[in-house]
Amino acid sequence: MENVATDENWKTSFSQLAPGLVLFARQWARSAADAEDIVQEAFVRFWRKQHDIRNRGLLYATVRSIALDFLRRDSRRARREMAAVSDVDQAIPPAFEIDDDSQRALVAAIELLPSEQREVLTLKIWNELTFAEIASALGISQNTAASRYRYALAALKKNLPSA
Amino acid sequence: MNDFSELENQLRKLRPVQPSPDLVMRIEGALAEPESPILTAGMLARERRFHFNWLSLGVGLAAATALVMLVFLRLQQPAKKNAVVAGRTPAPAISTNPNAEFVPAALTQVVYHTRDEGLRFPGNSNQPMRRVRSQTRETLQWRNPKTGASLRISYPSEEVSLVPATGQ
């Protein structure tokens with residue numbers, strides 16, 4: 001991801017970040033289309049403000065903020081979706097390309113994670129953010145980010161006998 | 001962390017689904033459009049709006065304080081000022097514009113909270129005094145008798161008074 005940090009062309013930067021950004025946004029969106037709308041609005045806003053693309057914490061914070069606004073935008077939908085957010089078991093799972101049963105089991109285990117652990121895991125594994133960047137994006141301390149990551153891995157390991 | 005290295009490798013092998021191909025085109029189109037007000041209403045803009053509100057509040061309070069002080073100064077020295085002006089200028093500007101004259105019309109003081117703060121002995125006195133803190137709202141009103149226009153200013157105030165304690 002180092003070349004992403006210095007690339008001036010937004011298309012190159014975005015194409016490398018897009019899968020992880022959409023995956024991150026899907027935690028709050030009801031569908032992939034909604035997640036893409038969130039990412040579009042966040043990236044456009046981020047790019048228009050001429051923020052440094054290396055400030056990934058701010059980019060992901062923008063995605064998160066817009067995703068939460070997206071949830072609240074429609075009051076009827078907000079009621080349903082806030083209930084969905086509060087009930088972690090019903091949250092929209094991350095979307096992966098699954099090759100075999102072991103990956104299917106892994107995705108199922110990820111779905112069972114509490115939302116605050118899953119978002120740290122998503123940022124760390126599939127977006128390759130540092131704990132400092134995760135802390136910046138989520139408004140938490142680095143220690144909290146690292147703890148949530150460890151708890152997430154421990155929970156996954158517990159739920160996956162073969163891991 | 002080494003306990004989780006194998007699990008982390010498994011997780012990294014999971015590939016997120018690629019976004020739809022038209023997402024880049026949509027972003028390109030959005031970037032080509034002029035910035036709409038809706039797009040500025042997000043996280044960063046909200047932070048700026050927050051600062052603006054505090055600034056407005058501060059400016060508003062400062063202006064209100066200055067206005068109240070100005071009114072007090074004018075009310076406390078009306079006679080002295082008029083005398084000086086009359087002595088120096090036989091034909092004051094006020095007389096050329098009689099519509100601008102406001103005279104004090106009313107003063108109301110509403111005490112909405114009083115608290116007894118107990119006995120005190122001020123200045124090592126043997127006489128106990130009861131300290132009473134009163135919170136009031138005072139309203140001053142001026143009226144221009146010629147035009148009928150009125151000006152009213154209301155402000156909160158706090159007063160601490162010492163009342164001699166009576167024996168029981």
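Computed from a prediction, not measured in an experiment: that's the story for all the values here. Values reported hereafter were calculated over all heavy atoms of this structure, with side chains retained and with hydrogens, waters and symmetry mates removed. Naming: A, B, ... by sequence-line order, numbering from 1 per chain.
In this structure, B:R152 places its CZ atom where only 12 or fewer heavy-atom neighbours from other residues, nucleotides or ligands lie under 6.0 Å away.
Under a hydrophobic-cluster definition in which Ile, Leu, Val, Met, Phe, Trp and Tyr are linked whenever side-chain heavy atoms come within less than 4.5 Å, directly or via other members, A:I98 and A:L160 are assigned to the same cluster. B:L107 and B:W142 fall within a single hydrophobic cluster, where Ile, Leu, Val, Met, Phe, Trp and Tyr side chains are chained together by heavy-atom contacts under 4.5 Å. Clustering ILVMFWY residues whenever any of their side-chain heavy atoms sit less than 4.5 angstrom apart, transitively, puts B:L151 in the very cluster that holds B:Y155. Residue B:L67 is grouped with residue B:F102 when hydrophobic side chains (ILVMFWY) are merged at heavy-atom distances under 4.5 angstrom, including chains of intermediate members. Placement of A:W126 and A:Y151 in two distinct hydrophobic clusters is found when ILVMFWY residues are connected by side-chain heavy-atom separations under 4.5 Å, directly or transitively.
Considering CZ of A:F43 and CG of B:L31, their distance stands at 7.5 Å, rounded to 0.5 Å. One distance of note links CD of B:Q10 with CG of A:L156; it measures 9.5 Å at 0.5 Å rounding.
Heavy atoms of A:A18 lying under 4.5 Å from chain B belong to its backbone as well as its side chain. Heavy-atom distances place the side chain of A:L121, and not its backbone, under 4.5 Å from chain B. Neither the backbone nor the side chain of A:A35 comes within contact range of chain B, judged by heavy atoms closer than 4.5 Å. Contacts between A:D37 and chain B at a heavy-atom distance below 4.5 Å involve backbone atoms as well as side-chain atoms.
Within residues 13-26 of chain B, the residues approaching chain A closer than 4.5 Å by heavy atoms are, in numerical order, B:K13, B:L14, B:R15, B:P16, B:V17, B:Q18, B:P19, B:S20, B:L23, B:V24, B:R26.
Look at B:E8 and A:K124 and you find no salt bridge, because none of the NZ, NE, NH1 or NH2 atoms lies under 4.0 Å from a carboxylate O.
Contact between A:L153 and B:L7 at its shortest, heavy atoms only, is O-CD2, 3.3 Å. Shortest non-hydrogen contact noted between B:A30 and A:Q40 is CB-NE2, 3.9 Å.
With sequence neighbours left out, the salt bridge (charged side-chain N to carboxylate O under 4.0 Å, His left out) criterion links B:E158 to B:R133.
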